[in-house]
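Everything on this sheet refers to the single structure shown next.
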Amino acid sequence: MTTESKSPRVPKVLIVGGGMAGLCAAVSALEMGAAVTMIEKGEKLGGSMRLSNGLVWTFKDTSALRSEVRGNESLQDMVSESLVRDLDWLAKLGVECGPFRPFQWYGRGRTVAPDQVIAAMTRQIEALGGRIRTGVALHRLRPVCDRGYAAELRVSETAEEVFEADAVILATGGFQGNPALLARWITPNTDFIYLRANPWSTGDGLSVAMDLGAALTSGMGECYGHAMAAPPARFGPKQFSEMTQRYGNYALALNLSGRRFADESAGTGEETLNAEVARQEEATAIYIIDSDIAQISQEFVLAPPHVSVSRAEAAGASVIRADSLEALAHALKAWGVPPQEVLNTLRTFNEALTAGTADQLVPPRRRNQHPIAKPPFMAVKVRAGITFTCGGLATDVDMRVLRRTGTISTLPMVLADAADVSYCALPNLYAAGCDVGGLSNRGYMGGLACALVTGRKAGAQAAASAGGH
């Protein structure tokens with residue numbers, strides 16, 4: 001008597017989102033033997049990676065990371081420790097990665113061409129038997145027998161279908177495109193803030209996971225982005241980098257009342273200041289620099305400040321040039337900013353920097369202590385731009401989405417007896433990229449690096465878990 005051996009069941013993994021994280025998750029799950037379907041809400045793959053400069057970087061040592069970025073240290077260490085290996089993995093897939101190079105004083109990474117990454121990863125997914133569907137969005141997830149999920153997909157304006165999967169990976173890119181969620185957590189000024197990213201990331205992953213009882217991280221009110229030239233400047237997504245005013249952490253920043261509102265130099269770049277700009281009236285600020293600051297170049301990846309200002313001016317931005325602080329303050333009256341308040345702020349700022357008491361200013365100025373002293377002076381009206389949100393779904397280091405009702409508090413400073421520590425994950429639900437919260441609750445440790453590492457990890461873990469490994 002012979003017995004027929006059953007073929008091992010191939011686990012089905014659904015990946016929601018076709019950006020950097022989703023692409024990496026798809027290849028990783030396929031390498032583990034899963035049957036993978038990846039859906040993308042837009043008609044193009046790549047997400048916001050398409051709009052990036054392609055530098056996949058993170059901090060080169062833990063001490064600098066800890067001092068500059070607040071977040072989940074376990075997740076941060078995973079990214080830092082895995083990046084070199086995962087970049088090598090990317091290169092072996094046919095992605096052309098440049099040599100390692102420094103980024104500012106604290107990081108290092110390798111440059112890739114976004115379009116080439118998308119093409120190489122797409123080829124690999126198709127070669128391994130994966131399926132890619134664009135123009136398809138996730139509407140809802142329903143658990144099936146506490147293991148897999150029935151995913152309700154929107155496939156057209158009038159049609160939906162149900163796709164059953166053993167595991168689901170959420171890689172929808174954050175919630176920066178959703179005005180209601182932005183107003184709830186980030187800023188009430190949603191009518192003014194620039195979406196400095198693709199238009200498809202509207203919190204779909206966050207919303208469906210919350211409906212299932214997922215836990216959220218702290219830092220829901222934090223975001224990453226850069227301020228860009230304010231209207232009447234006119235530009236499109238291909239000019240995001242050119243219109244970005246990255247020198248804000250060297251400038252003096254005023255709100256529309258003519259007052260400073262933040263330590264401009266906080267953080268590792270202008271992104272911390274940009275988050276504060278988002279909370280000001282009309283999400284708008286005025287960056288003021290002098291001729292010395294205008295020429296600074298060593299800290300800037302793309303261009304020194306005077307080049308950024310000239311590009312903004314050429315696009316129609318509001319720019320004022322003046323040979324004295326008095327003239328600059330008077331000219332700002334045309335923008336509705338009170339001249340005397342501006343002049344008082346400038347004088348107080350310069351006097352404190354000259355006296356060495358900049359840390360006693362309100363707000364203080366702790367770094368980049370360059371007075372606004374050498375003419376000609378320039379003022380540029382900017383608006384906050386949001387690239388991605390920092391808060392999101394709570395996960396463990398295997399990228400499993402944690403269950404709110406089965407998990408202790410995820411606050412970083414929880415003090416609890418060992419017996420009280422308990423983390424409970426939603427079965428076979430994973431997150432990657434910007435849907436993962438807590439990597440950078442304050443500060444920035446590299447978006448593409450986080451997408452690569454979390455995507456690859458989520459893909460491997462989802463395939464193994466769904467297959468019963």
Side-chain angles (χ1 to χ4, degrees), residues 17 19-21 41-42 46-53 69 71 171-207 216-217 219-231 233 235-246 248-249 253 255 261-262 266-285 287 312 381-393 433-448 450-451:
M20 178 69 153
K41 185 177 181 179
S48 292
M49 175 179 61
R50 282 184 169 275
L51 306 173
S52 75
N53 61 14
V69 183
T172 63
F175 60 89
Q176 60 273 3
N178 187 315
L181 296 180
L182 284 182
R184 178 177 178 182
W185 281 306
I186 304 291
T187 175
N189 302 313
T190 57
D191 288 343
F192 299 96
I193 195 168
Y194 280 124
L195 180 59
R196 190 179 174 272
N198 79 83
W200 300 109
S201 296
T202 58
D204 296 351
L206 182 76
S207 297
L216 303 184
T217 63
M220 292 299 292
E222 301 296 336
C223 64
Y224 167 78
H226 291 284
M228 299 190 293
F235 54 91
K238 293 183 179 179
Q239 288 79 48
F240 280 175
S241 290
E242 292 182 6
M243 292 300 108
T244 296
Q245 306 300 297
R246 296 177 184 271
N249 54 326
N255 58 24
F261 54 90
T268 56
E270 187 261 352
E271 61 272 4
T272 301
L273 173 60
N274 171 72
E276 296 298 332
V277 174
R279 300 179 180 100
Q280 301 303 304
E281 180 185 354
E282 296 185 5
T284 296
Y287 287 178
K381 187 184 288 188
V382 301
R383 274 193 179 168
I386 184 169
T387 304
F388 59 78
T389 44
C390 297
L393 300 173
C434 294
D435 284 351
V436 178
L439 279 160
S440 303
N441 285 343
R442 185 75 168 180
Y444 177 55
M445 63 177 297
L448 293 180
C450 292

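Heavy atoms only: backbone and side chains are in, while hydrogens, waters and symmetry mates are out. Residues: numbered from 1 along the sequence shown.
- Taking 4.5 Å as the limit, some side-chain heavy atom of I386 sits within range of a side-chain heavy atom of L195.
- Between the CG atom of N274 and the CZ atom of R279 there is a distance of 9.5 Å, given to the nearest 0.5 Å.
- Scanning both residues, D435 and G173, for their nearest heavy atoms gives OD1-N, 3.4 Å.
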Derivation and outcome, side-chain contact (heavy atoms from CB on, under 4.5 Å), residues Y287 and V277: CA-CA 11 Å; Y287 287 178; V277 174; 4.1 Å; yes
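- For the pair F388/F175, no side-chain contact is recorded, criterion being any heavy-atom separation below 4.5 Å from C-beta on.
- Summarising the geometry, atom CG belonging to L273 is positioned 11.0 Å from atom NE2 belonging to H226; distances are rounded to the nearest 0.5 Å.
- Note: C434 SG to M20 CE = 12.0 Å, rounded to the nearest 0.5 Å.
- Here R246 does not pair with E270 in a salt bridge; the nearest charged N to carboxylate O distance is not below 4.0 Å.
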Test side-chain contact (heavy atoms from CB on, under 4.5 Å) applied to T202 and K41, step by step: CA-CA 10 Å; T202 58; K41 185 177 181 179; 2.6 Å; yes
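- Nearest heavy atoms, Q176 versus S201: NE2-CB, 3.5 Å.
- Here the closest non-hydrogen pair linking C390 and S440 is CB-O, 3.0 Å.
- When all heavy atoms of S48 and N198 are compared, the pair lying nearest together is OG-ND2, 2.8 Å.
- Distance check, rounded to the nearest 0.5 Å: CG of N189 to CG of L182 gives 11.0 Å.
- Looking at heavy atoms from C-beta onward, L448 lies in side-chain contact with S52 at the 4.5 angstrom threshold.
- A salt bridge is defined here as a Lys NZ or Arg NE, NH1 or NH2 lying under 4.0 Å from an Asp or Glu carboxylate O, and E281 with R383 fails to meet this definition.
- T217 approaches M220 most closely through the heavy-atom pair O-CG, 3.3 Å.
- A parallel orientation is assigned to the rings of Y444 and Y224, their planes being inclined by less than 30° (bins at 30° and 60°).
- Rounding to the nearest 0.5 angstrom, the gap separating the CD1 atom in I193 from the CZ atom in R196 is 11.5 Å.
- Put simply, CD on E242 and CZ on F235 are 10.5 Å apart, with the number rounded to the nearest 0.5 Å.
- Of all heavy-atom pairs spanning A197 and T387, the tightest one is CB-O, 3.3 Å.
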